[in-house]
Amino acid sequence: MNEYQDFFQKLGKNIREARNAKKLSQEKLAFNIDSARNYIGCIERAEKSLSLKTLYKIAKTLDVTVEYLLKDTM
């Protein structure tokens with residue numbers, strides 16, 4: 001696995017953990033950031049990358065910092 005893929009796998013894991021801690025479904029998170037549920041799943045599985053805007057919206061919705069979601073990614 002290359003560094004780029006590893007980065008997105010760790011980011012997806014952090015997003016999933018933060019979402020589960022808030023007891024939010026992928027569907028509810030997607031609704032709150034005006035996105036599709038399957039896109040959230042793809043982000044969490046590192047199948048798709050995301051924009052900084054989307055990362056910000058996810059962090060805001062999950063009530064965590066962007067830095068928290070990026071922990072251990074590098």
Side-chain angles (χ1 to χ4, degrees):
M1 180 181 328
N2 66 35
E3 291 178 43
Y4 184 73
Q5 184 65 22
D6 191 46
F7 170 84
F8 280 105
Q9 288 215 329
K10 289 176 182 173
L11 176 60
K13 178 181 169 281
N14 292 342
I15 291 171
R16 183 181 310 109
E17 288 175 357
R19 179 179 58 75
N20 287 334
K22 284 289 183 187
K23 299 185 180 357
L24 278 181
S25 66
Q26 289 179 346
E27 185 174 15
K28 185 68 172 169
L29 175 57
F31 177 81
N32 288 339
I33 68 164
D34 195 30
S35 183
R37 187 214 50 84
N38 64 329
Y39 181 57
I40 300 299
C42 287
I43 290 169
E44 290 182 356
R45 292 186 304 274
E47 296 172 355
K48 294 195 181 228
S49 59
L50 65 161
S51 69
L52 286 174
K53 181 179 180 180
T54 300
L55 182 60
Y56 174 83
K57 288 164 79 174
I58 289 172
K60 193 116 169 108
T61 298
L62 296 177
D63 197 29
V64 297
T65 63
V66 169
E67 292 86 357
Y68 178 83
L69 294 178
L70 291 172
K71 74 178 187 226
D72 301 325
T73 58
M74 299 191 72

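Note that the numbering runs from 1 along the sequence shown for the chain. The basis for the numbers below is simple: all heavy atoms, side chains too, and nothing from hydrogens, waters or symmetry mates. All of these numbers come straight from a predicted model, not from anything done at the bench.
Not a single side-chain contact (heavy atoms from CB on, under 4.5 Å) links K23 to another residue, sequence neighbours left out. Checked against salt bridge (charged side-chain N to carboxylate O under 4.0 Å, His left out), R37 has no partners two or more places apart in sequence or in another chain. Evaluation of the salt bridge (charged side-chain N to carboxylate O under 4.0 Å, His left out) rule for E47 yields R45 as partners, not counting sequence neighbours. Under the salt bridge (charged side-chain N to carboxylate O under 4.0 Å, His left out) criterion, D63 pairs with K22, sequence neighbours left out.
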Pair up each side-chain donor or acceptor in residues 11-19 with any protein partner under 3.5 Å, not counting sequence neighbours, and list the distances.
unit_1 : atom_1 : unit_2 : atom_2 : d
K13    : NZ     : E17    : OE2    : 3.0
N14    : ND2    : K10    : O      : 3.4
N14    : ND2    : L69    : O      : 2.8
N14    : ND2    : K71    : O      : 2.8
R16    : NH2    : E44    : O      : 2.8
R19    : NE     : E44    : OE2    : 2.6
R19    : NH1    : L24    : O      : 2.8
R19    : NH2    : E44    : OE1    : 3.0
R19    : NH2    : E44    : OE2    : 3.4

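A chain of hydrophobic side-chain contacts below 4.5 Å, direct or via other Ile, Leu, Val, Met, Phe, Trp or Tyr residues, connects F8 to V64.
Note that the SG atom of C42 and the CG atom of L50 stand 11.5 Å from one another [nearest 0.5 Å]. Atom-to-atom distance recorded for N38:CG and E27:CD is 11.0 Å, nearest 0.5 angstrom. In this structure, CD1 in I33 is found 6.0 Å from CD1 in I43, a value given to the nearest 0.5 Å. The distance from the CG atom of L29 to the NZ atom of K57 is 10.5 Å, given to the nearest 0.5 Å.
Annotation: ring pair (Phe, Tyr, Trp, His ring centres under 6.0 Å) contacts involving residues 33-74, sequence neighbours excluded, are absent.
Side chains of L70 and F7 form a contact here, defined as non-hydrogen atoms less than 4.5 Å apart. The closest side-chain heavy-atom distance from L52 to V66 is not below 4.5 Å.
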